[in-house]
Amino acid sequence: MNDFLQFLGEPAAQRSLWACATIGFANGFTSALVVLKRSSLQIGTLSCALLPGIALAVLLFGFMQWSILLGAAGAALLVGLGSVFVSRTSRLDQDTALSVLHTTAFAAGFLVLARLGLRQKMDDWLFGSIMSMSDTDLATAYVISAAAVLSLTALQRPLLIYLFDPQAACTLGIPPRLFDYLVFTIIILVLVSSLQAVGAFLTLGLLVAPAATVYLLTDRAPLLFWGGGLVGGLGSLLAFALSFPLGWHLGATIILVLGAAFLLAYIFSPKYGLLKRRR
């Protein structure tokens with residue numbers, strides 16, 4: 001315990017603690033969109049689309065944190081919104097378009113980074129390194145997280161109408177096409193904000209598991225947002241407390257804790273749990 005308290009006195013530990021709370025809550029809050037839209041596989045492919053943006057940013061501007069974040073966001077937006085555009089202007093569905101675009105982009109990014117001799121650094125981008133977050137990284141994550149939570153809170157009613165009944169949304173003057181792009185933009189920005197913390201591969205768990213857990217516990221869609229935020233934030237803080245004494249990778253521990261919470265809800269949910277269904 002004394003070692004842990006001493007560890008908490010270090011600036012890196014304090015940044016990591018704030019990052020766990022901020023990123024965990026924002027991702028959990030946004031995960032309601034992913035669950036309600038049933039787009040978890042799409043988000044999984046988008047997380048891999050971050051790599052080519054990082055590669056291009058390093059190639060053009062060198063190893064600078066701001067350029068890496070902007071490059072990752074730009075690449076994910078280009079691939080994600082590009083898949084929406086291709087699906088609307090061709091006979092392909094969005095999943096097919098997204099699969100082609102993201103695998104092509106990932107391959108290009110890998111080749112560029114390998115050419116630049118940054119294969120070892122790719123581990124941090126793919127699996128995260130939350131303990132190495134700087135003040136700038138934390139401020140960026142906080143701004144994106146706050147913007148996402150505030151936007152989703154303000155637009156929650158039209159968003160829910162759009163997600164559950166696009167035709168009714170059109171009747172009420174809610175533009176489904178605009179909301180398609182808006183939802184993807186918010187998800188991608190939150191995805192990028194957690195890149196440093198849990199990496200491109202593990203961030204999918206942070207953007208799906210919290211709301212998926214709450215979805216097994218309630219039928220009220222609005223509760224998915226705040227419930228998912230609490231599960232994501234508290235689960236990330238618990239992972240922070242566990243990772244130090246166990247010596248585990250913090251990003252992986254966050255996803256493991258959230259996965260355990262989901263498993264408990266799957267088994268013991270009073271309404272939809274496995275034990276309840278068997279009875």
Side-chain angles (χ1 to χ4, degrees), residues 4 7-8 12-36 40 43-44 46-47 50 69 72 124-153 186-217 223-246 248-265:
F4 183 66
F7 170 68
L8 285 178
Q14 294 171 6
R15 283 195 299 270
S16 300
L17 187 63
W18 279 110
C20 285
T22 301
I23 294 173
F25 182 85
N27 275 263
F29 198 92
T30 309
S31 68
L33 283 181
V34 180
V35 171
L36 292 175
S40 57
I43 304 309
L46 277 180
S47 65
L50 302 176
L69 289 175
D124 288 345
W125 293 325
L126 294 178
F127 301 103
S129 181
I130 195 170
M131 293 301 298
S132 63
M133 289 185 73
S134 64
D135 290 336
T136 303
D137 297 329
L138 184 59
T140 302
Y142 181 82
V143 170
I144 293 176
S145 299
V149 171
L150 291 174
S151 299
L152 293 178
T153 301
I186 291 175
I187 290 174
I188 288 168
L189 289 176
V190 172
L191 191 71
V192 171
S193 74
S194 57
L195 174 65
Q196 180 69 30
V198 294
F201 281 167
L202 295 178
T203 191
L204 176 62
L206 198 54
L207 259 175
V208 177
T213 301
V214 179
Y215 191 68
L216 294 173
L217 301 173
L223 288 181
L224 293 183
F225 290 92
W226 292 103
L230 288 175
V231 170
L234 294 176
S236 298
L237 291 175
L238 176 59
F240 179 87
L242 291 175
S243 65
F244 178 78
L246 295 175
W248 290 356
H249 183 277
L250 179 51
T253 307
I254 291 173
I255 306 306
L256 190 64
V257 168
L258 294 178
F262 172 80
L263 184 61
L264 289 174

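Note that the structure is predicted; figures quoted are calculated from it, not measured.
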Discussion item. Run the side-chain contact (heavy atoms from CB on, under 4.5 Å) test on T213 and L258 for me, step by step, so that the C-alpha distance in whole Å, both residues' side-chain angles and the decisive distance to 0.1 Å come before the verdict.
Written reply: CA-CA 8 Å; T213 301; L258 294 178; over 6 Å; no
Worksheet item: Near Y215 OH, under 6.0 Å, is it more than 12 heavy atoms from other residues, nucleotides or ligands?
Response: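 Not more than 12 within 6.0 Å, no.
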Considering all heavy atoms of both residues, which atom of [X] and which atom of [Y] are nearest to each other, and what is their separation?
| X | Y | value |
| --- | --- | --- |
| G227 | V214 | C-CG2, 3.5 Å |
| A211 | V35 | CB-CG2, 3.7 Å |
| A141 | S193 | CB-O, 3.9 Å |
| P210 | G205 | CD-O, 3.8 Å |
| L216 | A265 | CD1-C, 3.9 Å |
| S151 | I186 | CB-CD1, 4.3 Å |

Going from [atom1] on [X] to [atom2] on [Y], what distance comes out if it is rounded to the nearest 0.5 angstrom?
| X | Y | atom1 | atom2 | value |
| --- | --- | --- | --- | --- |
| L223 | L230 | CG | CG | 10.0 Å |
| L207 | I188 | CG | CD1 | 11.0 Å |
| F29 | L150 | CZ | CG | 8.5 Å |
| L256 | L238 | CG | CG | 10.0 Å |
| I187 | L33 | CD1 | CG | 5.0 Å |
| S236 | L234 | OG | CG | 9.0 Å |

Worksheet item: Can you name the one residue among I144, T203, L206 that meets side-chain contact (heavy atoms from CB on, under 4.5 Å) with I23?
Response: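 Going through I144, T203, L206 one by one, the side-chain contact (heavy atoms from CB on, under 4.5 Å) with I23 is satisfied by L206 alone.
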Worksheet item: Checking S243 side chain against F240 main chain: does a donor-acceptor pair fall under 3.5 Å?
Response: yes
Item to complete: Measure from the side-chain N and O atoms of T22 to the backbone N and O of Y142, and report whether any donor-acceptor pair falls under 3.5 Å.
Response: no
Item to complete: Evaluate the side-chain proximity of L237 to F25: yes if any heavy-atom separation is below 4.5 Å, no if none is.
Response: no
Worksheet item: Under a 4.5 Å cut-off applied to non-hydrogen side-chain atoms, are I254 and C20 in contact?
Response: yes
Worksheet item: Can you list the steps and then say if V149 with F225 is a side-chain contact (heavy atoms from CB on, under 4.5 Å)?
Response: CA-CA 9 Å; V149 171; F225 290 92; over 6 Å; no
